[in-house]
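What follows is a short report on a single structure.
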Amino acid sequence: MSAIDEIKAAVSTVLKEKYDYDHPAEEVLINETRSEFEGDYTVVVFPFTKALKMPPPKIADELGQELVRSHDFISSFNVIKGFLNLTFEKRFWKGELQKILTDKDFGRTSKNGKKVLVEFSSPNTNKPLHLGHIRNILLGWSSAQLLEAAGYDVVKTQIVNDRGIAICKSMVSYQYFGDGKSPEEADKKGDHLIGEYYVRFEKEFRKEYKTWQDTAAAKKIYEDHRKVGEKEEYFFSRYKNTYFNEYSVLGKHAKDMLLKWESADEEVIALWQKMNGWVYDGFNETYENLGVHFDHIYYESDTYKLGKVLIAEGLKKGVFYKEDDGSVWVDLEDVGMDRKLVLRSDGTSVYMTQDLGTAQIRNKDHEVNRMVYVVGDEQDYHFKALFAILKKLEEPYADELFHLSYGMVDLPTGKMKSREGTVVDADDLIADVIKEARESSESRGEIEGVTAEERNEIFRKIGLAALKFFIIKVSPKKRMIFDPKESVDMQGQTGPYIQNAYVRIQSVLRKSDGIEHVSDAEYKELEDLEVDLIRTMSQFPQVVTEAAEQLDPSNLANYCYALAKLYHRFWHDLRILSAETEVAKVFRLKLSKSVAKVLKSGMHLLGIEMPSRM
RNA sequence: GGUUCCGUAGCUCAGCUGGAUAGAGCAGCUGACUUCUAAUCAGCAGGCCACAGGUUCGAAUCCUGUCGGAAUCACCA
């Protein structure tokens, strides 16, 4: 039991025994004492005033006396208005430090025997990953790490959208303009190569559309179908999809390609496999650079037909109903939503059909207790509906579904738009931050002694820390503004700032070889900053647990920053190797070592690695 | 239009199960390296917590309404 829980219980007991007042321990409000007051933790006694019919300071005083009397580790208290500030014994904090130091799994909860599946990234195979994917991947990876630390077995997965008209556009475009070149021959990453042909298709299509707009046939359509007073420009913008489907030559090629793919045409399938293979090679390189991996990848080309059986069963159960045209629907009005299509009238799958089937097969594959979907908030409604349907179908995991919804990433100039070429490419971004880290490091010259290979590894860790921390520190559900200039900052509230605290500790530990085995038992008068550090570290398990429960890595990120900040101050104000006494030195080495340990494991849960020099 | 989310310093963000005088970083200005890595530290300045009501001992936090921004409401994914 943590000190906080112990105090809560004690307060509850005292209230009962002394005043015969029932106040559950969990509801006792206890905060860290604000730095301007004396104390470690503060009990807020205002909530008891009504029941006890006593002024708050009097309650606080009596409670304080009782707590000091009954708990050895509480040394003193003071009262300010309705706030009871408690100060703990220094030796209590030394004991806490010892626990942190010796617990190999500090901050981790033992296995709970449950399994959770986390879906993230889930790209389309017609273009490379971009900044939006990076936020998704960081959230997904970190959530998976957090759940594992909280005792779950975790399956990291994604669903790859590897089929459909978009991919066919890339394929058609490649056939036209690709000269059969492989990524090696074109000297490009596979995903980038395919992305270029996708863009090329759109460009050629727009050209074709523009030319067509000047034909007599187009003019006639405009005259016949335009709304009153509608300008040509607006009409044709609205008409684009119809043109693609009914008149476009390129559009016909793409649609033919899709039909052939669906009928498993050998040539088309071969091309599709070849091109997707290139894309996967490209994605894997990006994932590797980001330091993430997956346990089981699902592909839409395998799963898009799944779910039909589930629909049939649901029809039998009466969960779904069939319209006259053969389409199948679910009525979600009882749970505050609309009716939703789950199968087209021609019997083919929609997005929902597929997601229902995918959920089911994932459970068959892994027998999970929970599923977490990391998907942007533009799909909030879809997931709400998906979960409601799975619940109606009484799937065993249906009560433990969570959509980790996050806001879009905007640029200082506004939204990212692929059409306007303002999308920030993931690989470019990663390369940029590493380059920036290199320049920054070289101008400092701290690591000139290490090999080129190690240096590159350090640059990579620093650059990625800057990028990742910049994104992960923002609360997921908030839409965020990503300023490329700020993302490579390495000073202040940044990843490298936290790494720097760790690196300083490594440096001092290297220079202190072996000394920390000496006893520090005689070190009794801890400095305030030393207590602050231990107190903050002792909160780590709670922070991890809460971050895992709420699936919100941002509060762990902010915790890591706060701890690093405290350490930097400690470093500045107090000496370690040249401390006043030998026991102070030994104690501070131990303290530093445990700070490094907590920072490293905290950052690890965020997917950020620590260098030992920088 | 219905629903959901967001609105805190010039900028980027914390704080939101109600608790003490609302916190950081960046940008601006001052200062601190013969001393363990200055990617650091200390200080100054910067706020009607969008607005208006309500609930209460107490509201940035909860409720209602208004304004502003976003998303969504497809036989798209």
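These numbers come from a predicted model, not from an experiment. Protein chains get the first letters and strands the later ones, always in sequence-line order, with residue 1 at the start of each.
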Exercise. Does A:Arg479 make a side-chain N or O approach to OP1 or OP2 of B:A70 shorter than 4.0 Å?
Worked result: no
For this session: Assign A:Glu486 to base, sugar-phosphate, or nothing according to its heavy-atom contacts below 4.0 angstrom with the strands shown.
Result: sugar-phosphate
For this session: Calculate the interatomic distance between A:Asp410 atom CG and B:C11 atom C1'; express it in whole Å.
Result: 15 Å
Exercise. Looking for any heavy atom pair under 4.0 Å, which part of the strands does A:Gln506 touch: base, sugar-phosphate only, or nothing?
Worked result: nothing
Exercise. Under 4.0 angstrom, heavy atoms only, what part of the nucleic acid is A:Leu29 near: base, sugar-phosphate, or nothing?
Worked result: base
Exercise. Hey, which of these two, A:Arg34 or A:Lys473, hits RNA chain B nearer its 5' end, going by closest nucleotide?
Worked result: A:Lys473
Exercise. Start at the 5' end of RNA chain B and walk down; is the nucleotide closest to A:Asp346 or to A:Asn31 reached first?
Worked result: A:Asn31
Exercise. Under 4.0 angstrom, heavy atoms only, what part of the nucleic acid is A:Ile159 near: base, sugar-phosphate, or nothing?
Worked result: nothing
Problem set entry | Side-chain N,O (A:Lys477) to OP1/OP2 (B:C6) below 4.0 Å | yes
For this session: Assign A:Met337 to base, sugar-phosphate, or nothing according to its heavy-atom contacts below 4.0 angstrom with the strands shown.
Result: nothing
Exercise. So does A:Lys485 get a side-chain nitrogen or oxygen closer than 4.0 Å to the phosphate oxygens (OP1/OP2) of B:C26?
Worked result: no
Exercise. Expressed in angstrom and rounded to an integer, what is the separation of A:Arg569 atom CZ from B:G43 atom C1'?
Worked result: 13 Å
Exercise. Would you say B:U12 has OP1 or OP2 under 4.0 Å from some side-chain N or O of A:Lys478?
Worked result: no
For this session: Look at all strands and tell whether A:Lys50 reaches a base, only sugar-phosphate, or nothing, counting heavy atoms closer than 4.0 Å.
Result: sugar-phosphate
Exercise. How many Å lie between CD1 on A:Ile472 and C1' on B:A14, as a whole number?
Worked result: 15 Å
For this session: Ignoring backbone atoms, establish whether A:Tyr561 has a side-chain N or O less than 4.0 Å from OP1 or OP2 of B:G23.
Result: no
